[in-house]
Every structure is written in structure tokens, then in C-alpha cells.
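Here's the structure, in C-alpha cells; my notes come after.
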Amino acid sequence: MRTLTPYSSLKGNSWAEDFTPSGEIRQKYMYVQCMGHYEATPSYSVISRSNLHSHLLLYTKRGKGVIRYQGKEVFLPEKSSVIINCENPHTYYCAPDGEWNFYWIHFSGSCIDGYLSEIDENWDVNDKDIGDVFHQIYDSSRRGDPILQAIESSTQIIDLCSKFLIDLKRHQQKGDQALSPVVRSAVYYLEEHLSGEISLDRVCERLGISKFYLSHLFKEQTGSGVYEYLIALRLSCAKSLLRSTTQPVSEIAARCGFGSSSYFIQVFRKHESMTPLQYRSYFLQRSEE
């Protein structure tokens with residue numbers, strides 16, 4: 001759910017989007033938690049954040065930012081980037097002599113094991129030419145410092161496995177769209193009725209199909225059950241509102257289709273390992289320098 005950011009220190013084109021991946025994705029892969037593009041004015045600053053199970057990538061498109069992390073204070077000039085562990089204290093802000101146009105991504109998850117198990121489960125021959133990548137890995141493993149060799153080779157292997165898995169998935173889809181018209185209609189219905197009462201019976205009645213057929217097709221094409229997918233949509237909506245507004249938890253719970261505040265808090269804690277207020281507290285650690 002992409003939202004425009006309401007902060008006075010950001011320009012109107014700034015946006016952010018939150019995601020709630022399934023349990024399977026969290027266990028197997030690296031995954032995006034939220035991401036955005038900010039056009040920050042000199043008053044923009046994020047002060048002394050910590051205790052979020054996430055890594056953050058900051059990439060400067062134009063202008064210049066400043067980051068304080070692990071006892072260092074460094075500039076982030078145009079085309080530069082940095083990755084930090086958000087469990088640790090960190091501060092970043094727009095350099096005072098101009099604006100800062102930057103992209104950011106919070107991500108987490110496992111690394112290579114998920115890729116390998118998924119490749120094995122979907123095993124097939126890949127007809128893409130990977131000769132260049134193979135030679136890059138070979139060259140990296142034979143030159144320079146052994147530690148740097150290992151890091152570079154590891155990065156290239158992860159990239160290779162990622163591309164290999166994507167090719168396998170695309171081949172299995174045989175060029176068709178990932179979602180059939182029935183599943184796309186079901187997803188659209190869930191998105192349009194997010195704040196209301198939704199049941200599998202109601203969705204199937206609207207689409208004129210059986211519960212068994214929709215459940216099987218939905219799981220096959222999205223990797224999630226209908227209810228699991230709906231919860232992920234509602235949590236993504238809630239995270240966007242927690243991060244970008246000061247609305248009470250009870251109001252957010254109602255707007256996102258949770259029956260009560262207590263149920264919302266229970267589901268949120270189960271999926272995010274923190275309460276809604278703890279999540280908000282992290283993202284609202286914002287002040288003026």
C-alpha cells in the first residue's frame with residue numbers, strides 16, 4: 001500500500017510502501033519490509049532509532065545526507081549508499097546546506113538456504129546463458145585477499161541463485177501472467193473491502209465459484225491461503241498508518257478491518273514480533289536538528 005508521506009520536512013512527491021510477506025517467505029528468503037523515496041528538506045532528520053529487527057539501505061539519488069552509526073558520522077553524497085543494522089542506534093538527516101533526494105529499503109530474512117531449497121523443489125534445466133557469471137565467480141575466487149574473495153564470491157552466488165530461481169518460476173508459468181483472472185478478481189475484492197467483514201463464502205459468492213476451487217487456485221498462484229493473504233493486506237495497511245499518522249491504535253484497527261484493538265495487537269505481535277505502538281515508536285523517532 002503506497003502512501004504519500006505527511007511530514008513537513010518532506011516534499012509532496014515523497015512516498016513509502018509497506019509489505020507483509022507470508023511466513024514461508026520470511027523463513028526462506030530475504031524480503032522487503034517497507035521502502036520509499038523521500039525528497040527531504042534541510043529540516044529532515046531521524047534521531048536515535050534502534051531496536052528494529054531489520055536492515056536499512058539508504059541510497060542518495062541527489063543532494064547529500066549525513067548518517068551517524070557505530071561511532072562515526074559520514075556524508076552520503078550523490079550515488080552513494082549504506083546498509084545499517086537497525087537493532088543498533090543510528091541517526092541520519094539531510095545535510096544542512098541543501099536538500100536530500102534518497103531511496104530507502106528496510107529488509108530482513110534468511111539468505112541462501114531458501115533459494116537452494118526452492119530451486120531443488122522446482123528443479124529443471126535453465127536455458128539462460130550464465131557463462132559470464134560463472135567466470136566472474138571463478139575469477140573472484142582466485143585473486144586478492146581471501147576474505148574479500150569469499151565475500152565477492154558469496155554475493156555473486158546469491159545473485160546467480162536469485163536469477164536462476166526467477167528463471168525457473170517464469171519457465172513454469174510459461175509466459176502467462178502470474179495470477180489467473182479468477183485469482184486477480186479475488187485479490188481485487190479483498191483490497192476493495194479491506195475494512196469490512198470478509199469471508200471465503202462471500203468472496204466465492206461474488207465470483208460465482210466454489211470454495212474448494214478458489215482455495216486451491218489462490219494457494220497455488222499466490223503461495224498463501226485467502227485468509228492469510230487478507231491478513232497480510234490488513235497488516236500492510238496498518239503499518240502504513242502507524243508509520244505515517246498519529247491515529248489511535250483502535251481507529252487503525254477498525255480502518256484495516258480488524259474486529260477489535262486486542263485482536264489487532266495480537267495479530268500484529270505474532271507477525272512483527274512487536275506491538276503496534278512499538279512499531280510506531282521506532283518510525284516516529286523523528287525530530288528537528
Side-chain angles (χ1 to χ4, degrees), residues 1-7 10 12-26 31-37 52 54 106 178-219 221-284 286:
M1 179 180 177
R2 178 177 289 197
T3 56
L4 296 178
T5 53
Y7 304 114
L10 298 175
N13 291 330
S14 298
W15 60 267
E17 185 163 1
D18 294 82
F19 304 91
T20 305
S22 67
E24 180 182 5
I25 289 175
R26 290 170 186 254
Y31 60 90
V32 174
Q33 297 164 305
C34 53
M35 63 189 301
H37 176 210
L52 184 69
S54 176
H106 278 280
L179 300 182
S180 65
V182 169
V183 175
R184 286 202 305 274
S185 296
V187 168
Y188 179 76
Y189 183 87
L190 297 178
E191 293 173 342
E192 288 297 299
H193 298 81
L194 198 64
S195 61
E197 293 186 12
I198 299 178
S199 67
L200 184 58
D201 285 331
R202 185 170 297 179
V203 176
C204 291
E205 180 181 353
R206 179 63 179 269
L207 300 180
I209 57 178
S210 72
K211 289 193 293 185
F212 175 80
Y213 178 67
L214 178 60
S215 298
H216 174 76
L217 204 61
F218 201 97
K219 178 71 173 180
Q221 295 183 14
T222 68
S224 303
V226 176
Y227 180 72
E228 181 185 5
Y229 193 93
L230 174 61
I231 289 296
L233 286 176
R234 285 175 166 166
L235 285 173
S236 295
C237 174
K239 286 187 284 187
S240 293
L241 294 173
L242 287 166
R243 186 175 40 74
S244 61
T245 76
T246 57
Q247 294 174 7
V249 168
S250 58
E251 185 175 330
I252 290 175
R255 286 188 59 179
C256 297
F258 293 96
S260 66
S261 297
S262 59
Y263 176 61
F264 170 49
I265 293 170
Q266 175 187 343
V267 173
F268 197 97
R269 189 197 295 270
K270 177 182 178 181
H271 284 79
E272 303 300 326
S273 300
M274 61 173 64
T275 67
L277 287 181
Q278 287 171 329
Y279 186 87
R280 166 173 279 170
S281 176
Y282 174 86
F283 281 102
L284 290 185
R286 181 185 304 272

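Along the sequence shown, the residues carry numbers beginning at 1.
Shown here are the side chain to side chain donor-acceptor pair (under 3.5 Å) partners of His106, two or more places apart in sequence or in another chain: Ser54. For Glu272, the salt bridge (charged side-chain N to carboxylate O under 4.0 Å, His left out) partners at least two apart in sequence or on another chain are Arg26, Lys239. Every side chain to side chain donor-acceptor pair (under 3.5 Å) that Tyr279 has, sequence neighbours left out, goes to Asp18. When the salt bridge (charged side-chain N to carboxylate O under 4.0 Å, His left out) test is applied to Lys219, no partner is found at least two apart in sequence or on another chain.
Taking a 6.0 Å sphere around CD of Glu205, one finds it holds 12 or fewer heavy atoms contributed by other residues, nucleotides or ligands.
Taking 4.5 Å as the limit, every side-chain heavy atom of Thr222 sits out of range of all side-chain heavy atoms of Glu228. Tyr282 has its side chain out of reach of Arg243: every pair of non-hydrogen atoms, C-beta onward, lies at least 4.5 Å apart.
Among pairs with a residue in residues 194-219, those fulfilling ring-ring contact (aromatic ring centres under 6.0 Å, His included) read Phe218-Tyr229, at least two apart in sequence or across chains. Applying the side-chain hydrogen bond (donor to acceptor under 3.5 Å, both in side chains) rule to pairs touching residues 258-269 yields Tyr227-Tyr263, Ser260-Ser262, sequence neighbours excluded.
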Pair Val32-Glu17, side-chain contact (heavy atoms from CB on, under 4.5 Å): steps then yes or no: CA-CA 10 Å; Val32 174; Glu17 185 163 1; over 6 Å; no
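Screening Thr275, Ile252, Leu242 against Phe268 for a side-chain contact (heavy atoms from CB on, under 4.5 Å) leaves a single residue, Leu242.
Separating the OH atom in Tyr189 from the SG atom in Cys204 is a distance of 10.5 Å, to the nearest 0.5 Å.
In this structure, the side chain of Arg206 does not engage the main chain of Ser185 through any donor-acceptor pair within 3.5 Å.
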